[in-house]
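Inspection log for the structure reproduced underneath, given as structure tokens.
The structure displayed is predicted, hence computed values, not measured ones. The sequence lines fix the lettering, A, B, ..., with proteins before strands; numbering per chain opens at 1.
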Amino acid sequence: MISEKPRVRFAPSPTGYLHVGGLRTALYNYLFAKHNDGKFVLRIEDTDRNRYVEGAVENLIESLKWCGLEYDEGPNIGGQFGPYMQSQRLDLYKKYAADLIANGKAYYCFCTPERLEKLREEQQRQKLPQAKYDKHCLHLNKEEIEENLSKGVPHVVRLDVEANKKIIFNDVVRGQVEFNSSNVDDQVLIKSDGYPTYHLANVVDDHLMKITHVIRGEEWLSSTPKHVLLYDFFDWEKPIFAHLPLLLNPDRSKLSKRQGDVAVEDYRIKGFLKEALINFVALLGWNAGDDKEFYYMNELIENFSLERVNKSGAVFDLEKLNWLNAEHLRKKPNTDILQMIKEEGKKLNIDYQNFSDDYLLRIISVMKERVSFVNEYFTKSFFFFEAPQTYEQAAIEKNWKSETPEQLNKLHNAFASLANPLKEDYENTLAKVAEELNIGKGKLIHPLRLAVSGMSAGPGVFDILFILGKDETIKRIRAAIDKIGKS
RNA sequence: GGCGCGUUCGUCUAGUGGCUUAGGACGCCGCCCUCUCAAGGCGGAGACCACGGGUUCGAAUCCCGUACGCGCUACCA
């Protein structure tokens, strides 16, 4: 055991999409496995036929893949402990449930949902501390059981939990956790449709798949005693448990759909980089003990440890994600951004075909520090793709004086006489014109910016001119003089 | 209700008994840089470490209690 490489699993139920909380769980499992040179297994917990969602497994796998969380064993790729879909392992669960029954650790229960409902109501009326099954069917004799079984009476298999025993286990994140078995219900192990419940299936599979560390959300902490009991009844070695803190909404309730986006897919569509999402989610509940906040996946793998996972829930703070996205985007090579821009352009239906790679690359170099998302290359610098149709009103009021048209006209003529001007040529020319007019450069620069971009914010104005080119520049100055003067 | 887990700036967090007048980051505010906007640099506001008791020469750090929050309490995972 000690010499073995760790084997961990991410075991989602396919309810439609990959939740960011699920992503965090998957990521920690992945990081732990990779850090320790172990295996990361994907297992699909599809034992609830009522919650089956078409295409959910594919979607889940696609999201994991997009994030770069490649699994070593699992659906599609297989592995020596398959199948990895619980719905394909039904015989296994039945066999182990039968073993439990044979050993007196579990029993058949023929109670109808109606009786169970009544029982619960009665217990509530009596204000009993906890609603629990009353072990009614535990006391059925052999003949009664055989008769019911042969008659095909619907039944489940329940765990026989002995009262008043201490159940103690160790959790890497929380330390020692203790429960009294009197608070543990006789959990259903096999449902009347023949499918196992999570509790049986996860214990059987984790054992059979040789899982060494169970890293999952805190919502499972309360049912861990049931799992501990099962390991003991089977006489199997228990895995090491690590229960992760929950991800929360801004109001500190459990992260939910009602208060924003929760699917990894939502963030991808909104233009977040996978690097940023991974970096952000990794820091929600873990840190290396230093001030480092910008991480690439390989650095996370290198530094991750379960011992440094926090105990308390973390609010999913969009502001910080935005910042990380900008940081990651800025660190990307310009050629990578070029490809991303082309794809974004397709989505926005912008005919970027008219613009050469060279042209786009120039835009990237001047806009890089001014954008947080790829689509902002369009929304924040639309003027590189299309001449301005309107001009920012506040900027007109501030910088467009009565003498401006005439001054710009001079500038226009000066620019027009330039041959293949570079950025410096525009700059020198403008300085010269300002001097001739005996005015500050700002008197020309601000209206010029407005004329060529329609905006008051953006890259250096001479950068804009150079990228736009002489013809376009003088055309835009001319247009601005005509339009702004008359409105 | 019962059981379990948690509680350091608005948010993510550092802190594992003296180095702490509690550090960093995001966000916010100001200054510098500057043709604007960013980026960057510098600075500021912001946490009586949930509260109350202990233990100790000394506690955010250890113990107990309380409050609050969250999770579980299904033939869901």
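At a threshold of 4.0 angstrom between heavy atoms, the contacts of A:P196 are confined to the sugar-phosphate backbone, with no base atom among them. Residue-level contact check: A:Q124 touches neither bases nor backbone, having no heavy atom under 4.0 Å from any strand. At the heavy-atom level, A:V188 lies under 4.0 Å from the strands shown only through sugar-phosphate atoms. A:T47 comes within contact range of the sugar-phosphate backbone alone, with a heavy-atom separation under 4.0 Å but no base atom that close. Base contact: A:P113 has a heavy atom under 4.0 Å from a base atom. Within 4.0 Å (heavy atoms only), A:T197 reaches sugar-phosphate atoms of the nucleic acid but no base atom. Note on A:Y195: nothing from the nucleic acid sits closer than 4.0 angstrom, heavy atoms only. Residue contacts for A:G285: at a heavy-atom cut-off of 4.0 Å it reaches the sugar-phosphate backbone alone, with no base atom in range. Using a 4.0 Å heavy-atom criterion, one finds that A:V177 contacts the sugar-phosphate atoms exclusively. Within the nucleic acid shown, A:G460 comes within 4.0 Å of at least one base atom, counting heavy atoms only. Note on A:V315: only backbone sugar-phosphate atoms sit closer than 4.0 angstrom, heavy atoms only; bases stay farther off. At the heavy-atom level, A:P459 lies under 4.0 Å from base atoms of the strands shown. Counting non-hydrogen atoms under 4.0 angstrom, A:K311 reaches the backbone sugars and phosphates but no base.
Between the base of B:C76 and the side chain of A:R51 there is a donor-acceptor pair shorter than 3.5 Å.
For A:F10 and B:A77, the CZ to P distance is 16 Å, given to the nearest whole Å. For the pair A:L119 CG and B:A74 C1', the computed distance is 14 Å after rounding to whole Å. If you take CD of A:E117 and P of B:C75, they are 10 Å apart, rounded to a whole angstrom. Separating the CD atom of A:E392 from the P atom of B:U36 is a distance of 14 Å, rounded to the nearest angstrom. Rounded to an integer number of Å, the gap from A:D185 CG to B:G4 C1' is 16 Å. Atoms CZ (A:R24) and P (B:U13) sit 9 Å apart, rounded to a whole Å. Counting to the nearest Å, the P atom of B:C26 and the CG atom of A:L284 are 16 Å from each other. Rounded to whole angstrom, the span from the NE2 atom of A:H243 across to the P atom of B:G6 amounts to 13 Å.
Between the side chain of A:Y108 and the backbone N or O of A:V156 there is no donor-acceptor pair closer than 3.5 Å. Remark: side-chain polar atoms of A:N325 are paired, donor with acceptor, to backbone N or O of A:L273 under 3.5 angstrom. Judged by distance alone, with hydrogens and angles left aside, the side-chain atoms of A:T224 form a donor-acceptor pair with the main-chain N or O of A:L221 at under 3.5 Å.
In a base pair of the Watson-Crick type (N1 to N3 plus N6-O4 or O6-N4) or a G-U wobble (N1-O2 and O6-N3), with each distance short of 3.5 Å, B:A67 is matched with B:U7. Partner assigned to B:C72 is B:G2, using Watson-Crick or G-U wobble distances below 3.5 angstrom. Using N1 to N3 plus N6-O4 or O6-N4 for Watson-Crick, or N1-O2 and O6-N3 for G-U wobble, each under 3.5 Å, B:U55 pairs with nothing. Under the Watson-Crick or G-U wobble criterion, with both distances below 3.5 Å, B:C28 is paired with B:G44. With a cut-off of 3.5 Å on both Watson-Crick or G-U wobble distances, the partner of B:A14 is given as none. Using N1 to N3 plus N6-O4 or O6-N4 for Watson-Crick, or N1-O2 and O6-N3 for G-U wobble, each under 3.5 Å, B:A22 pairs with nothing.
Ring orientation note: the planes of A:F169 and A:F179 are close to parallel, at an angle under 30° on the 30°/60° scale. Under the 30°/60° scheme for interplanar angles, the aromatic rings of A:H227 and A:W220 are found to be tilted. Ring planes of A:Y296 and A:F294: perpendicular class, angle over 60° (limits at 30 and 60°). Ring orientation note: the planes of A:F373 and A:F272 are nearly perpendicular, at an angle over 60° on the 30°/60° scale.
Interatomic distance, NZ of A:K238 versus CG of A:D232, reported as 3.5 Å (0.5 Å rounding).
Taking the side chain of A:V156 as heavy atoms from C-beta on, and the options B:A39, B:C75, B:U13, the nearest nucleotide is B:C75. Considering only side-chain atoms of A:R370, the nucleotide from B:U36, B:U11, B:A74 that sits closest is B:U36. Listed nucleotides: B:C35, B:U13, B:C3. Nearest to the side chain of A:V461: B:C35. Closest contact between the side chain of A:S312 and the listed nucleotides B:A14, B:U7, B:U36 involves B:U7. The nucleotide whose nearest atom lies closest to any side-chain atom of A:N310 is, among B:U7, B:G10, B:U13, B:U13. Between B:A77, B:G40, B:C75, one nucleotide has an atom nearer to the side chain of A:R158 than all others, and that is B:C75. Side-chain proximity of A:H446 to B:C35, B:A38, B:C37: nearest is B:C35.
With a 6.0 Å radius and a threshold of 12 heavy atoms from other residues, nucleotides or ligands, A:K398 has its NZ atom at or below the threshold.
Regarding contacts with the backbone of B:G2, every side-chain N or O of A:N183 stays at 4.0 angstrom or more from both OP1 and OP2. Taking side-chain N and O atoms only, A:N202 has no distance below 4.0 Å to OP1 or OP2 of B:A77.
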Could you run down the sub-3.5 Å N/O contacts of the protein with nucleotides 19-25 of chain B?
| unit_1 | atom_1 | unit_2 | atom_2 | d |
| --- | --- | --- | --- | --- |
| B:A25 | O4' | A:E293 | OE2 | 2.7 |
| B:A25 | O2' | A:E293 | OE2 | 2.5 |
| B:A25 | N3 | A:K320 | NZ | 3.0 |

Distances for protein N/O vs nucleotides 65-71 of chain B N/O pairs under 3.5 angstrom?
| unit_1 | atom_1 | unit_2 | atom_2 | d |
| --- | --- | --- | --- | --- |
| B:G71 | N2 | A:S222 | OG | 3.1 |

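Between A:L329 and A:V374, the shortest heavy-atom contact is CD2-N, 3.7 Å. Minimum heavy-atom separation, A:L450 to A:Y391: O-CD2, 3.2 Å.
The nearest heavy atom of RNA chain B to A:D193 and to A:N180 marks one nucleotide each, and the one closer to the 5' end goes with A:N180.
Using a 4.0 Å cut-off between charged side-chain N and carboxylate O, A:D171 and A:K311 make no salt bridge.
Cation-pi contact between A:R24 and A:Y28: present, with separation from the ring centre below 6.0 Å and deviation from the ring axis of at most 45°.
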